[in-house]
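Written below as structure tokens is the structure these notes are about.
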Amino acid sequence: MFAVLKQDVSQEQLDHLSMWLRSRGVEPHVFHGVYQTVVGLVGDTSNIDIDLLRGLDIIDSVTRISEPFKSANRKFHPDDTVVKLGDRAIGGGNFEIIAGPCSVESEQQIVDIAKAVKASGAGLLRGGAFKPRTSPYDFQGLRAEGLEFLLEAKQVTGMPIVTEIMSASHLELFEDVDVIQVGARNMQNFELLKELGHCNKAILLKRGLANTMKELLMSAEYIMSGGNENIILCERGIRTYETYTRNTLDLSAVPMLHELTHLPVVVDPSHATGLSRLVLPMAMAAAACGADGLMIEVHNDPKHALCDGAQSLTPEQFDEVARKVAKVREVL
Ligand code: PEP
Ligand code: MN
């Protein structure tokens, strides 16, 4: 349920309303928009008499939200959320490319790639230290050492870093990480999501391999209900019956999610297609349909990458993608 307030409501009246809502077991989330102030009611609203609320002289209108996601709902928060990352931002017209290798393999590798992608215009550096691999016999990532190398690359280039967490027990290792990624396989690891709700870091939440947009938004809701509203959603392809591509990139998720939620949406064409030659056209398409950013895998030697070489771009190929995406955005 959300209430739109009349134009000239004072802070004191708003505080009174908030106190009354809390006494009824409902948490008010106040959003001061450009044109109106909206109060979202989070929790069990069965104790709220909607007619009584509508009758208060400070209330313009009250609407029930039928969707199960509340804090993530655009009806609650009509303006786009802007996630700020150092001097960078994603959402609300701010577009960034997150680029880097699938996995951090050595200090030299991550520093070299960081310098190259930064020179081509990437705003954030990615690199996996804890890797979710389908086989336990595949490279599992350099783990804590990988995070150290990533932090070294951050130090050298000044780029904010994005890296995946696999377990809440690793959280203290992520203290200097700017954006914590929740990978597709952990999108519904609810205990992990609850923990991330209590940390004050930006979260990049990837859509699960076989999850609906509603399920993605409910996972965002888990994080938001703990108090952390700095979430970037990521469409990275879903599993269909198609086999020529690794996944099927659901670009319709971008405008659909923008309609449903105020959270920014980025697209990962690397995991979505699994093929480096498809990254350029899909990256341009993602920019054209309104994505707030891209996540792209770049490796200095894709043939010998320890993970996801087939979908990784060389720094030169990435440079072309960054230039063409910028052109698409100019046209828009
Ligand atoms: C990744 O970004 O390296 C990754 C494992 O992605 P996903 O969770 O989308 O498969
Ligand atoms: Mn990967």
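We count ligands from 1, going down the list as the structure has it; atoms in each ligand are counted the same way. The chain is numbered in sequence order, starting from 1.
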Study note, to complete from the structure: So the atoms of ligand 1 within less than 4.0 Å of a heavy atom of Gly183 turn out to be 8 (O)
Check your understanding: For Asp308, what is the atom name of its N, O or S atom nearest to the Mn ion (ligand 2)?
Key -> OD2
**Study point:** Those atoms of ligand 1 less than 4.0 Å from some heavy atom in Glu297
**Key:** 3 (O)
Point to revise | Any Glu164 heavy atom less than 4.0 Å from ligand 1 | key: yes
Review point. Is it the case that one hydrophobic cluster holds both Met213 and Leu251, taking links as side-chain heavy atoms less than 4.5 Å apart, direct or via other members?
Key: yes
Check your understanding: Is there at least one pair of N or O atoms, one from Lys206 and one from ligand 1, spaced under 3.5 Å apart?
Key -> yes
Practice item. Any pair with a residue in residues 302-315 that passes salt bridge (Lys or Arg N to Asp or Glu O under 4.0 Å), sequence neighbours left out, goes on the list, sorted by first then second residue, please. Key: Arg246-Asp308
Practice item. Decide whether Gln13 and Ser10 meet the rule of one side-chain donor and one side-chain acceptor closer than 3.5 Å. Key: yes
Check your understanding: ligand 1 and Met295, any nitrogen or oxygen pair closer than 3.5 angstrom?
Key -> no
Check your understanding: For Gln140, does its backbone N or O pair with a side-chain atom of Arg133 as donor and acceptor, under 3.5 Å?
Key -> no
Pairs under 3.5 angstrom only: tabulate donor-acceptor contacts from the side chains of residues 146-155 to other protein residues two or more places apart or in another chain.
| from | atom 1 | to | atom 2 | distance (Å) |
| --- | --- | --- | --- | --- |
| Lys154 | NZ | Asp176 | O | 3.0 |
| Lys154 | NZ | Asp178 | OD1 | 3.3 |
| Lys154 | NZ | Asp178 | OD2 | 3.0 |

Check your understanding: Can you find a side-chain donor-acceptor pair between Glu105 and His299 that sits under 3.5 Å?
Key -> yes
Review point. Near the Mn ion (ligand 2), is there an N/O/S atom from His271 that is less than 2.8 Å away?
Key: yes
Check your understanding: Given Ala184, Ser103, Cys234, which one has a non-hydrogen atom that is nearest to atom 8 (O) of ligand 1?
Key -> Ala184
Check your understanding: Closest to the Mn ion (ligand 2), which N/O/S atom of Glu297 is it?
Key -> OE2
